[in-house]
Every structure is written in structure tokens, then in C-alpha cells.
Engineer: 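Input: one structure, supplied below.
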Amino acid sequence: MRKILLHTALVAAFAGSAIAVAGPTVNGQQISDVRIDAVAKMMEAQGQNVTPQARDQIKDQLVTAEVLRQEAVKKGLDKSAEFAAELANMQAMALANRLIKDFEKANPVSDADLKAEYDKLVASVPETKQYHARHILVKTEAEAKAVIDALKKGKSFDKLAKEKSMDPGSKANGGDLGWQEAGTFVAPFSEAMSKLAKGEVTASPVKTEYGWHVIKLDDMRTQRNVPSLDDIRPQLTQRVMGARIEKYVADLKAKAQVQQ
């Protein structure tokens with residue numbers, strides 16, 4: 001933190017003077033509260049909490065920077081071409097940042113802007129198909145066939161799953177596997193499941209590395225896996241404003257007479 005403070009203090013020390021409430025002085029050169037506030041605002045923009053103790057530290061750093069500035073002037077370092085170029089660059093970047101902040105303030109992102117951007121995002125995400133399936137997992141093909149026969153005779157799939165299934169994760173819930181994409185399951189299972197119509201049960205047992213399955217498809221749906229607008233509101237706001245700033249800068253550059 002000390003290095004950050006020293007850097008910002010040096011920037012403030014070499015900045016133009018302003019008429020303001022008196023602060024500390026160094027060899028008669030006043031350090032105004034405006035300069036102290038400028039450093040405090042830079043720290044707050046970086047997420048730092050400016051306590052009274054931190055403000056005292058800012059003053060101390062500005063005093064140090066002013067001492068160094070005065071010594072540099074005595075040595076004539078402020079007359080060098082390198083310093084003039086550095087100062088010009090610092091001024092250009094500071095004014096550029098202020099212009100962008102002014103643009104952001106004058107062009108806030110509205111809820112309608114966010115909704116339009118969100119709709120574009122949703123449309124760009126491909127739809128995925130999901131299946132709500134149940135299964136009964138047994139050890140042998142004969143057991144699976146017996147389950148299918150019991151279902152044909154009207155026995156409840158839910159009840160049979162609780163009685164017969166070896167899958168501890170779904171047995172207690174009547175074999176319910178929840179909403180899943182086909183790729184979640186091993187190939188033989190997903191292939192058989194995806195061929196079923198809503199409410200249909202596999203006509204024959206399906207073999208996988210886990211055993212023999214009887215699968216029922218409760219439902220299917222297509223949806224886009226996109227978070228809600230509120231969940232990504234900060235990112236969307238930044239995205240919309242970023243695009244606006246990019247266009248604003250590009251328009252200004254297009255109007256400028258630039259010679260390389």
C-alpha cells in the first residue's frame with residue numbers, strides 16, 4: 001500500500017496547483033486539501049477504505065513527494081525533455097479518463113438497454129434438450145424382463161423402483177433421475193432414453209456397465225442454459241457501457257485529423 005500511496009502522491013505533487021483549503025506546507029509551498037482529496041479518491045476507486053489514519057498517511061506521503069519535487073526542481077530535472085514528455089502523457093491520460101467518466105455519467109445504461117442486451121445473449125446460446133427420466137437398475141436381464149412384464153400388468157413404476165432397483169441414488173425416489181441432458185448418461189442408456197416418447201417405457205432391457213436398466217421417460221424439454229438477468233446485471237452493464245465507450249472513442253478518432 002505504501003508504494004501505491006507514494007506513486008499517487010508523486011502524481012499529485014507534480015500536478016497543477018489549485019486554490020483550496022490550506023493543508024500542510026513544505027518550505028512555504030502549500031499542499032492543498034484538494035490534492036489530498038484527489039489521492040483519497042484514487043484509493044477509494046481502487047476499493048481501499050480511506051480512514052482518518054489513512055488520510056494522515058496520504059498527507060505524509062504528499063509531504064515526502066513535495067520534498068522530492070522541490071529537490072528535483074533545484075537540480076533542474078523539471079527542464080528535461082523526458083520529464084516534459086512524461087508530464088504531457090500523464091495529463092493526457094488523466095483528461096482522457098475524466099472524459100470517459102463524463103461520458104458514462106451522461107449516458108447511463110437503462111433497464112431497457114440491459115434487457116435488449118440480455119435478449120441478444122439468450123438468442124446467441126444454443127438450445128439444449130433435457131430429459132426427465134426414471135430407471136430401475138437390476139443385476140440380470142431376466143430380472144429386467146420381469147420388471148417390464150410387471151409394468152405391463154399395471155404395477156407402478158415408482159413402486160417397482162423402490163422394491164427392485166439397485167441404484168441407491170434414485171431408488172428411494174422411484175427411480176427419478178431428475179432433468180438431465182442425454183450426454184450425462186452412458187451411451188447405451190442415453191440412446192435408449194432419447195428414443196422414447198413422453199410417458200413411454202423401454203420395451204426391452206438396456207445393458208450398461210452398471211447392470212440392466214428399465215427406463216421410463218416422464219418428460220422432455222428444450223432450454224437455453226443462461227443465468228438470469230439479475231445474476232449477470234453488473235457484467236451486462238459493463239458490456240453495454242464498454243461498447244458505447246468503444247464507439248464514442250472510434251467516432252472521435254474518425255473525426256480527428258491524425259497524421260502518422
Side-chain angles (χ1 to χ4, degrees), residues 47 108-244 246-247:
V109 178
S110 67
D111 286 343
D113 296 328
L114 286 179
K115 181 62 167 59
E117 188 66 20
Y118 181 75
D119 289 344
K120 286 197 298 183
L121 175 64
V122 171
S124 70
V125 176
E127 287 187 333
T128 58
K129 197 168 187 178
Q130 293 188 332
Y131 300 84
H132 186 189
R134 297 174 182 270
H135 81 139
I136 299 171
L137 175 64
V138 292
K139 192 171 183 179
T140 66
E141 183 178 13
E143 288 177 283
K145 286 182 176 179
V147 167
I148 293 173
D149 288 340
L151 289 170
K152 288 178 180 178
K153 292 176 182 177
K155 194 158 187 181
S156 162
F157 193 100
D158 182 278
K159 186 175 181 180
L160 281 169
K162 291 176 179 177
E163 292 175 357
K164 306 289 186 180
S165 184
M166 299 189 304
D167 179 10
S170 66
K171 178 175 182 174
N173 297 321
D176 193 346
L177 297 170
W179 286 102
Q180 305 287 346
E181 294 180 21
T184 304
F185 306 104
V186 291
F189 189 103
S190 63
E191 288 170 6
M193 177 188 67
S194 60
K195 292 176 182 177
L196 295 173
K198 181 178 177 180
E200 192 176 10
V201 176
T202 46
S204 57
V206 178
K207 188 178 188 309
T208 71
E209 59 195 272
Y210 303 105
W212 292 85
H213 306 259
V214 177
I215 307 167
K216 180 183 179 183
L217 182 62
D218 282 348
D219 204 354
M220 66 183 79
R221 67 185 181 189
T222 56
Q223 68 172 26
R224 291 182 170 92
N225 294 321
V226 181
S228 71
L229 192 156
D230 285 338
D231 286 341
I232 57 174
R233 183 177 292 272
Q235 296 92 324
L236 279 180
T237 301
Q238 186 176 20
R239 179 170 169 172
V240 172
M241 183 57 74
R244 287 183 183 176
E246 187 175 342
K247 184 179 184 304

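One-based numbering along the sequence shown. Values in this document were obtained by computation on a predicted structure and should not be read as measured data.
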Engineer: Can you measure from CD1 (Ile148) to CD (Glu141) and round to the nearest 0.5 angstrom?
Structural biologist: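 So the gap between those two atoms works out to 9.0 Å.
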Engineer: Can you tell me if Arg134 uses its side chain to pair, donor with acceptor, with the backbone of Asp158 under 3.5 Å?
Structural biologist: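 A pair under 3.5 Å: no.
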Engineer: Which atom names give the shortest non-hydrogen contact between Gly174 and Ala161, and what distance separates them?
Structural biologist: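 Answer, listing the atom of Gly174 first, then Ala161: C-CB, 3.4 Å.
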Engineer: Can you tell me how far CG of Leu196 sits from CE of Met220, rounded to the nearest 0.5 angstrom?
Structural biologist: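 Answer rounded to 0.5 Å: 8.0 Å.
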Engineer: For the residue pair Pro227 and Tyr118, what are the closest heavy atoms and their distance?
Structural biologist: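 Minimum heavy-atom separation between Pro227 and Tyr118: O-OH, 2.8 Å.
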Engineer: Find the distance between NE2 (His135) and CE (Met166) and round it off to the nearest 0.5 Å.
Structural biologist: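 Separation between the atoms: 9.5 Å.
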Engineer: What class does the angle between the rings of Trp179 and His132 fall in, given that below 30° is parallel, 30 to 60° is tilted and above 60° is perpendicular?
Structural biologist: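 Geometry flag for His132 against Trp179: tilted rings.
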Engineer: Which heavy atom of Pro188 sits nearest a heavy atom of Val206, and at what distance?
Structural biologist: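 So the two residues come closest at O-CG1, 3.6 Å.
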Engineer: Apply salt bridge (charged side-chain N to carboxylate O under 4.0 Å, His left out) to residues Asp149 and Lys145 and explain how you reach the verdict.
Structural biologist: CA-CA 6 Å; Asp149 288 340; Lys145 286 182 176 179; over 6 Å; no
Engineer: Does Lys171, at its NZ atom, have more than 12 non-hydrogen atoms belonging to other residues, nucleotides or ligands within less than 6.0 Å?
Structural biologist: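 Yes, NZ of Lys171 has more than 12 neighbouring heavy atoms, counting only those of other groups under 6.0 Å.
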Engineer: Do Ile232 and Leu121 come close enough that some side-chain heavy atom pair is under 4.5 Å?
Structural biologist: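 Yes, at least one pair of side-chain atoms sits under 4.5 Å.
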Engineer: Verify side-chain contact (heavy atoms from CB on, under 4.5 Å) between Trp212 and Glu143, making sure each step is shown before the conclusion.
Structural biologist: CA-CA 8 Å; Trp212 292 85; Glu143 288 177 283; over 6 Å; no
Engineer: Does anything in residues 197-207 pair up under side-chain hydrogen bond (donor to acceptor under 3.5 Å, both in side chains), and if so which pairs, sequence neighbours excluded?
Structural biologist: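 Checked against side-chain hydrogen bond (donor to acceptor under 3.5 Å, both in side chains) - neighbours excluded - no pair reaches residues 197-207.
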Engineer: Between Ser170 and Asn173, is any side-chain donor less than 3.5 angstrom from a side-chain acceptor?
Structural biologist: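 There is no such pair between these side chains.
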Engineer: Can you check whether Val186 reaches Tyr210 side chain to side chain, under 4.5 Å on heavy atoms?
Structural biologist: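 Side-chain contact under 4.5 Å: yes.
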Engineer: Leu177 and Met193: side-chain contact (heavy atoms from CB on, under 4.5 Å), yes or no, with the steps?
Structural biologist: CA-CA 12 Å; Leu177 297 170; Met193 177 188 67; over 6 Å; no
Engineer: Please report the shortest heavy-atom distance between Val138 and Ala144, naming the atom on each side.
Structural biologist: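 Minimum heavy-atom contact is CG2-N, 3.4 Å.
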Engineer: Just by modelled atom types, is the Pro108 backbone N or O under 3.5 Å from a matching donor or acceptor in the Arg244 side chain?
Structural biologist: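 Yes: the side chain of Arg244 pairs with the backbone of Pro108.
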Engineer: Rounded to the nearest 0.5 Å, how far does CD of Glu127 lie from OG1 of Thr222?
Structural biologist: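 Separation between the atoms: 4.0 Å.
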Engineer: Rounded to the nearest 0.5 Å, how far does CD of Glu181 lie from OG of Ser194?
Structural biologist: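 Ser194 atom OG to Glu181 atom CD measures 13.0 Å (nearest 0.5 Å).
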Engineer: List the residues meeting salt bridge (charged side-chain N to carboxylate O under 4.0 Å, His left out) with Asp111, not counting sequence neighbours, and say none if there are none.
Structural biologist: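 Testing Asp111 for salt bridge (charged side-chain N to carboxylate O under 4.0 Å, His left out), a comparison that skips the adjacent residues, returns Arg233.
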Engineer: Counting only heavy atoms from other residues, nucleotides and ligands, does the tally under 6.0 Å from CD of Gln223 exceed 12?
Structural biologist: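 Yes - once you tally the heavy atoms of other residues, nucleotides and ligands closer than 6.0 Å, there are more than 12.
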Engineer: Here's a test for you: under side-chain contact (heavy atoms from CB on, under 4.5 Å), which of Leu151, Val201, Ile136 qualifies with Lys216?
Structural biologist: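 The residue from Leu151, Val201, Ile136 that satisfies side-chain contact (heavy atoms from CB on, under 4.5 Å) with Lys216 turns out to be Val201.
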Engineer: Between Phe157 and Val214, is any pair of side-chain heavy atoms under 4.5 Å apart?
Structural biologist: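 A side-chain contact exists here, since the closest heavy-atom pair is under 4.5 Å.
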Engineer: Measuring from atom CD of Glu191 to atom CD1 of Ile215, what distance do you get when rounded to the nearest 0.5 angstrom?
Structural biologist: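 It is 10.5 Å, given to the nearest 0.5 Å.
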Engineer: Does Glu246, at its CD atom, have more than 12 non-hydrogen atoms belonging to other residues, nucleotides or ligands within less than 6.0 Å?
Structural biologist: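 Not buried by this count: 12 neighbours or fewer within 6.0 Å.
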